[in-house]
Amino acid sequence: MLRIEHLDVCHGNLHVVWDLSMDVHKGEIVTLLGPNGAGKTTFVETIMGLNRSARGSIRFLDEEILGQQPYEIVKRGIALVPEKRELFPKMSVSENLDLGGHLNVNGAGDPESILKMFPVLRERQDQLAGTLSGGEQQMLAIGRSLMLNPKLLVLDEPSLGLSPLFVKSVLESVAKLNESGLSILLLEQNIMHALEISHRGYVLENGRITIQGTAQELLDNQEIQACYLGL
Ligand SMILES: Nc1ncnc2c1ncn2[C@@H]1O[C@H](COP(=O)(O)OP(=O)(O)O)[C@@H](O)[C@H]1O
Ligand SMILES: [Mg+2]
(Lines give C-alpha, C1' and ligand atoms only; values in the text may rest on other atoms or scores of the structure.)
(Ligands and ions follow the chains in the order given, each with its own letter.)
Protein backbone atom coordinates (compact mmCIF):
# COMPACT_ATOMS: atom_id res chain seq x y z
CA MET A 1 0.00 0.00 0.00
CA LEU A 2 2.77 2.40 1.03
CA ARG A 3 6.30 1.82 -0.29
CA ILE A 4 9.10 4.14 0.67
CA GLU A 5 12.50 3.75 -0.95
CA HIS A 6 15.81 5.49 -0.31
CA LEU A 7 14.24 8.49 1.35
CA ASP A 8 16.52 11.33 2.47
CA VAL A 9 15.11 14.38 4.23
CA CYS A 10 16.81 17.56 5.46
CA HIS A 11 15.84 20.55 7.59
CA GLY A 12 17.97 23.21 5.96
CA ASN A 13 21.54 21.98 6.35
CA LEU A 14 20.58 19.29 8.84
CA HIS A 15 20.29 15.88 7.23
CA VAL A 16 17.62 14.13 9.37
CA VAL A 17 16.37 11.02 7.52
CA TRP A 18 18.97 8.82 5.78
CA ASP A 19 18.27 6.34 2.98
CA LEU A 20 15.06 5.10 4.60
CA SER A 21 13.15 2.25 2.96
CA MET A 22 10.04 0.63 4.43
CA ASP A 23 6.58 -0.52 3.49
CA VAL A 24 3.08 -0.97 4.84
CA HIS A 25 0.87 -3.65 3.35
CA LYS A 26 -2.89 -3.38 3.21
CA GLY A 27 -4.46 -4.40 6.52
CA GLU A 28 -1.30 -4.06 8.58
CA ILE A 29 -0.29 -2.04 11.60
CA VAL A 30 3.36 -1.15 11.05
CA THR A 31 5.24 0.72 13.74
CA LEU A 32 8.26 2.92 13.28
CA LEU A 33 9.91 2.93 16.69
CA GLY A 34 12.38 5.55 17.67
CA PRO A 35 13.54 7.72 20.55
CA ASN A 36 13.08 11.47 20.78
CA GLY A 37 14.84 13.24 17.93
CA ALA A 38 15.19 10.12 15.77
CA GLY A 39 13.33 11.78 12.90
CA LYS A 40 9.81 10.31 13.25
CA THR A 41 7.92 13.58 12.89
CA THR A 42 10.15 14.73 10.03
CA PHE A 43 9.39 11.42 8.32
CA VAL A 44 5.58 11.71 8.66
CA GLU A 45 5.66 15.33 7.58
CA THR A 46 7.45 14.17 4.45
CA ILE A 47 4.83 11.51 3.72
CA MET A 48 2.14 14.18 4.05
CA GLY A 49 3.91 16.57 1.66
CA LEU A 50 4.86 19.04 4.39
CA ASN A 51 8.62 18.86 3.85
CA ARG A 52 9.73 19.85 0.36
CA SER A 53 13.40 18.90 0.67
CA ALA A 54 12.98 15.13 0.44
CA ARG A 55 14.60 12.86 -2.13
CA GLY A 56 13.81 9.24 -2.91
CA SER A 57 10.45 7.66 -3.52
CA ILE A 58 7.15 7.43 -1.64
CA ARG A 59 4.58 5.36 -3.50
CA PHE A 60 1.01 5.03 -2.25
CA LEU A 61 -1.28 2.57 -4.03
CA ASP A 62 1.30 2.35 -6.83
CA GLU A 63 1.53 6.08 -7.46
CA GLU A 64 4.40 8.39 -6.60
CA ILE A 65 3.28 10.96 -4.02
CA LEU A 66 6.61 12.53 -3.14
CA GLY A 67 6.47 16.14 -4.31
CA GLN A 68 2.68 16.34 -4.24
CA GLN A 69 0.81 18.93 -2.19
CA PRO A 70 -0.60 17.90 1.21
CA TYR A 71 -4.23 18.22 0.05
CA GLU A 72 -3.52 15.90 -2.90
CA ILE A 73 -2.02 13.31 -0.57
CA VAL A 74 -5.01 13.53 1.78
CA LYS A 75 -7.29 13.13 -1.23
CA ARG A 76 -5.53 9.88 -2.15
CA GLY A 77 -6.50 8.49 1.25
CA ILE A 78 -3.74 9.16 3.78
CA ALA A 79 -4.72 10.95 7.00
CA LEU A 80 -2.35 12.12 9.71
CA VAL A 81 -3.02 12.33 13.42
CA PRO A 82 -0.34 14.90 14.23
CA GLU A 83 2.01 14.67 17.19
CA LYS A 84 0.66 17.76 18.93
CA ARG A 85 -2.94 16.83 18.04
CA GLU A 86 -3.52 20.32 16.60
CA LEU A 87 -7.14 20.53 17.71
CA PHE A 88 -9.13 23.75 17.59
CA PRO A 89 -9.20 24.34 21.37
CA LYS A 90 -11.93 26.98 21.40
CA MET A 91 -14.28 24.87 19.32
CA SER A 92 -16.47 22.07 20.61
CA VAL A 93 -15.85 18.36 20.16
CA SER A 94 -18.58 18.15 17.46
CA GLU A 95 -17.21 21.19 15.64
CA ASN A 96 -13.72 19.66 15.60
CA LEU A 97 -15.17 16.45 14.14
CA ASP A 98 -17.16 18.40 11.54
CA LEU A 99 -14.03 20.26 10.49
CA GLY A 100 -12.24 16.94 10.02
CA GLY A 101 -14.82 16.00 7.43
CA HIS A 102 -15.24 19.32 5.67
CA LEU A 103 -12.94 18.40 2.76
CA ASN A 104 -15.19 15.42 2.06
CA VAL A 105 -12.66 14.12 -0.46
CA ASN A 106 -13.18 10.39 0.06
CA GLY A 107 -16.87 10.50 0.96
CA ALA A 108 -18.12 11.76 4.30
CA GLY A 109 -16.78 10.11 7.43
CA ASP A 110 -19.28 8.59 9.78
CA PRO A 111 -19.44 10.58 13.05
CA GLU A 112 -21.76 7.99 14.56
CA SER A 113 -19.20 5.19 14.27
CA ILE A 114 -16.52 7.49 15.70
CA LEU A 115 -18.70 8.36 18.70
CA LYS A 116 -19.40 4.67 19.16
CA MET A 117 -15.68 3.95 19.22
CA PHE A 118 -14.98 6.82 21.66
CA PRO A 119 -18.11 7.11 23.85
CA VAL A 120 -16.47 9.81 25.96
CA LEU A 121 -16.58 12.11 22.93
CA ARG A 122 -20.33 11.65 22.72
CA GLU A 123 -20.70 12.60 26.39
CA ARG A 124 -18.62 15.71 25.71
CA GLN A 125 -19.90 16.73 22.30
CA ASP A 126 -20.57 20.32 23.33
CA GLN A 127 -17.46 20.74 25.47
CA LEU A 128 -14.59 22.88 24.16
CA ALA A 129 -11.76 20.71 22.85
CA GLY A 130 -9.18 22.67 24.85
CA THR A 131 -10.82 21.62 28.12
CA LEU A 132 -10.58 17.87 27.46
CA SER A 133 -7.95 15.73 29.19
CA GLY A 134 -4.89 14.68 27.16
CA GLY A 135 -6.29 11.24 26.45
CA GLU A 136 -9.66 12.62 25.37
CA GLN A 137 -7.92 15.13 23.11
CA GLN A 138 -5.97 12.30 21.49
CA MET A 139 -9.22 10.41 20.87
CA LEU A 140 -10.71 13.52 19.32
CA ALA A 141 -7.64 14.01 17.11
CA ILE A 142 -7.99 10.41 15.90
CA GLY A 143 -11.74 10.87 15.40
CA ARG A 144 -11.21 14.05 13.42
CA SER A 145 -8.76 12.28 11.06
CA LEU A 146 -11.21 9.39 10.64
CA MET A 147 -13.74 11.91 9.31
CA LEU A 148 -11.58 11.91 6.16
CA ASN A 149 -12.40 8.24 5.57
CA PRO A 150 -8.73 7.38 5.09
CA LYS A 151 -7.31 4.19 3.60
CA LEU A 152 -4.12 4.63 5.62
CA LEU A 153 -4.02 6.33 9.02
CA VAL A 154 -0.65 7.71 10.18
CA LEU A 155 -0.39 8.36 13.92
CA ASP A 156 2.56 10.38 15.23
CA GLU A 157 3.17 9.33 18.85
CA PRO A 158 -0.44 9.05 19.99
CA SER A 159 0.68 7.92 23.45
CA LEU A 160 2.88 10.98 24.07
CA GLY A 161 2.17 12.60 27.44
CA LEU A 162 -0.72 10.28 28.34
CA SER A 163 -1.25 8.45 31.61
CA PRO A 164 -0.64 4.68 31.39
CA LEU A 165 -4.39 3.99 31.41
CA PHE A 166 -5.01 6.27 28.45
CA VAL A 167 -1.97 4.90 26.57
CA LYS A 168 -3.54 1.47 26.78
CA SER A 169 -6.96 2.68 25.80
CA VAL A 170 -5.76 4.79 22.85
CA LEU A 171 -3.61 1.95 21.46
CA GLU A 172 -6.49 -0.50 21.93
CA SER A 173 -8.62 1.83 19.81
CA VAL A 174 -5.91 1.82 17.15
CA ALA A 175 -5.95 -2.00 17.18
CA LYS A 176 -9.76 -1.97 16.83
CA LEU A 177 -9.60 0.41 13.87
CA ASN A 178 -7.16 -1.98 12.23
CA GLU A 179 -9.47 -4.94 12.90
CA SER A 180 -12.20 -3.03 11.10
CA GLY A 181 -9.95 -2.93 8.01
CA LEU A 182 -7.94 0.28 8.28
CA SER A 183 -4.20 0.10 7.50
CA ILE A 184 -2.04 1.91 10.03
CA LEU A 185 1.42 3.42 10.24
CA LEU A 186 2.24 4.14 13.86
CA LEU A 187 5.19 6.23 15.05
CA GLU A 188 6.01 5.55 18.68
CA GLN A 189 8.58 5.71 21.45
CA ASN A 190 6.43 3.46 23.57
CA ILE A 191 7.91 0.26 22.18
CA MET A 192 6.21 -2.34 24.36
CA HIS A 193 2.66 -1.09 23.89
CA ALA A 194 3.16 -0.36 20.20
CA LEU A 195 4.58 -3.79 19.40
CA GLU A 196 1.76 -5.49 21.27
CA ILE A 197 -0.70 -4.26 18.63
CA SER A 198 1.60 -4.25 15.55
CA HIS A 199 2.23 -6.78 12.83
CA ARG A 200 5.68 -5.50 11.94
CA GLY A 201 8.06 -2.79 12.98
CA TYR A 202 11.17 -0.82 12.15
CA VAL A 203 13.57 0.85 14.56
CA LEU A 204 14.70 4.35 13.60
CA GLU A 205 17.88 5.66 15.21
CA ASN A 206 19.43 8.97 14.20
CA GLY A 207 17.34 8.96 11.04
CA ARG A 208 18.38 5.48 9.92
CA ILE A 209 16.52 2.19 10.12
CA THR A 210 18.71 -0.12 12.16
CA ILE A 211 16.44 -3.10 12.93
CA GLN A 212 13.29 -4.44 11.27
CA GLY A 213 11.10 -7.49 11.64
CA THR A 214 7.81 -8.87 12.83
CA ALA A 215 6.55 -7.52 16.15
CA GLN A 216 7.56 -10.76 17.85
CA GLU A 217 11.05 -10.68 16.33
CA LEU A 218 11.51 -7.16 17.63
CA LEU A 219 10.23 -8.05 21.11
CA ASP A 220 12.69 -10.98 21.15
CA ASN A 221 15.60 -8.89 19.85
CA GLN A 222 18.30 -8.63 22.53
CA GLU A 223 19.43 -5.17 21.49
CA ILE A 224 15.88 -3.85 21.75
CA GLN A 225 15.41 -5.56 25.08
CA ALA A 226 18.62 -4.04 26.45
CA CYS A 227 18.37 -0.54 24.96
CA TYR A 228 14.64 0.13 24.97
CA LEU A 229 12.89 -2.25 27.32
CA GLY A 230 15.44 -2.27 30.15
CA LEU A 231 15.42 -6.08 30.28
N1 LIG B 1 11.58 22.46 11.61
C2 LIG B 1 12.80 22.03 11.93
N3 LIG B 1 13.91 22.77 11.63
C4 LIG B 1 15.15 22.32 11.94
N5 LIG B 1 15.40 21.14 12.55
C6 LIG B 1 14.35 20.38 12.89
C7 LIG B 1 12.99 20.78 12.60
N8 LIG B 1 12.15 19.80 13.05
C9 LIG B 1 12.94 18.84 13.58
N10 LIG B 1 14.26 19.18 13.49
C11 LIG B 1 15.40 18.37 13.95
O12 LIG B 1 15.33 17.13 13.27
C13 LIG B 1 15.69 16.06 14.14
C14 LIG B 1 14.54 15.05 14.19
O15 LIG B 1 13.41 15.65 14.83
P16 LIG B 1 11.96 14.99 14.78
O17 LIG B 1 11.66 14.60 13.40
O18 LIG B 1 11.03 15.92 15.46
O19 LIG B 1 12.20 13.67 15.67
P20 LIG B 1 11.16 12.80 16.52
O21 LIG B 1 9.79 13.08 16.01
O22 LIG B 1 11.60 11.39 16.30
O23 LIG B 1 11.34 13.20 17.96
C24 LIG B 1 16.02 16.68 15.49
O25 LIG B 1 17.41 16.84 15.53
C26 LIG B 1 15.31 18.01 15.43
O27 LIG B 1 15.99 18.96 16.21
MG1 LIG C 1 8.10 13.62 16.91
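For ligands, and for the atoms within them, numbers begin at 1 and follow the listed sequence.
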Checklist entry - Does ligand 1 have an atom that lies less than 4.0 angstrom from a heavy atom of Gly12? => result no

Checklist entry - Which atoms of ligand 1 sit under 4.0 Å from any heavy atom of Asn36? => result 23 (O)

Next on the checklist: Could you identify the single nearest non-hydrogen protein atom to atom 17 (O) of ligand 1 and state the distance to 0.1 Å?
Outcome noted: Thr42 OG1, 2.5 Å

Checklist entry - Are any of the protein's heavy atoms under 4.0 angstrom from atom 12 (O) of ligand 1, yes or no? => result yes

Checklist entry - Do Gln125 and Ser92 have side-chain N/O donor and acceptor atoms under 3.5 Å apart? => result no

Next on the checklist: Going by the closest heavy atom to atom 24 (C) of ligand 1, which one wins out of Gly37, Gly34, Cys10?
Outcome noted: Gly37

Checklist outcome for this item: In this structure, atom 19 (O) of ligand 1 is nearest to the protein heavy atom Gly39 N, 3.1 Å

Item to check | Chi angles and distances behind the salt bridge (Lys or Arg N to Asp or Glu O under 4.0 Å) call for Asp156, Arg85 | outcome: CA-CA 9 Å; Asp156 190 359; Arg85 297 166 196 144; over 6 Å; no

Checklist entry - Which is it for Arg55 and Asp8 under the salt bridge (Lys or Arg N to Asp or Glu O under 4.0 Å) test, yes or no, and what are the steps along the way? => result CA-CA 5 Å; Arg55 293 190 179 186; Asp8 283 275; over 6 Å; no

Checklist outcome for this item: shortest atom 8 (N) of ligand 1-to-protein heavy-atom contact is with His11 NE2, 3.2 Å

Checklist entry - What's the shortest heavy-atom distance between Gly39 and Val17, and which atoms? => result O-CG2, 4.1 Å

Checklist entry - How far apart are the C-alpha atoms of Arg3 and Phe60, what are their side-chain angles, what is the distance that settles it, and do they pass the side chain to side chain contact (heavy atoms under 4.5 Å, CB included) test? => result CA-CA 6 Å; Arg3 167 150 293 174; Phe60 180 62; over 6 Å; no

Checklist outcome for this item: Checking distances from the Mg ion (ligand 2), one finds that the N, O or S atom of Glu83 closest to it is OE1

Checklist entry - Should one rank Thr41, Val16, Leu14 by closest heavy-atom distance to atom 25 (O) of ligand 1, which comes out on top? => result Leu14

Checklist entry - Are any of the side-chain nitrogens in Arg76 or Glu72 under 4.0 Å away from the carboxylate oxygens of its partner? => result no

Item to check | Salt bridge flag under 4.0 Å for residues Arg52 and Glu45 | outcome: no

Next on the checklist: Taking 2.8 Å as the cut-off, does Asn36 contribute an N, O or S atom near the Mg ion (ligand 2), distance below it?
Outcome noted: no

Next on the checklist: Quick check: Glu157 and ligand 1, any N/O pair under 3.5 Å apart?
Outcome noted: no

Next on the checklist: Out of all atoms in ligand 1, which are within 4.0 Å of some heavy atom of Pro35? Include the element for each.
Outcome noted: 22 (O)

Checklist entry - Thinking salt bridges, do Asp110 and Lys116 make one under a 4.0 Å N-O criterion? => result no

Item to check | Proximity of Lys40 to ligand 1 by residue part, where a heavy atom lies under 4.0 Å | outcome: both

Checklist entry - Looking at CG of Asn96 and NZ of Lys90, how far apart are the two atoms once the value is rounded to the nearest 0.5 Å? => result 13.0 Å

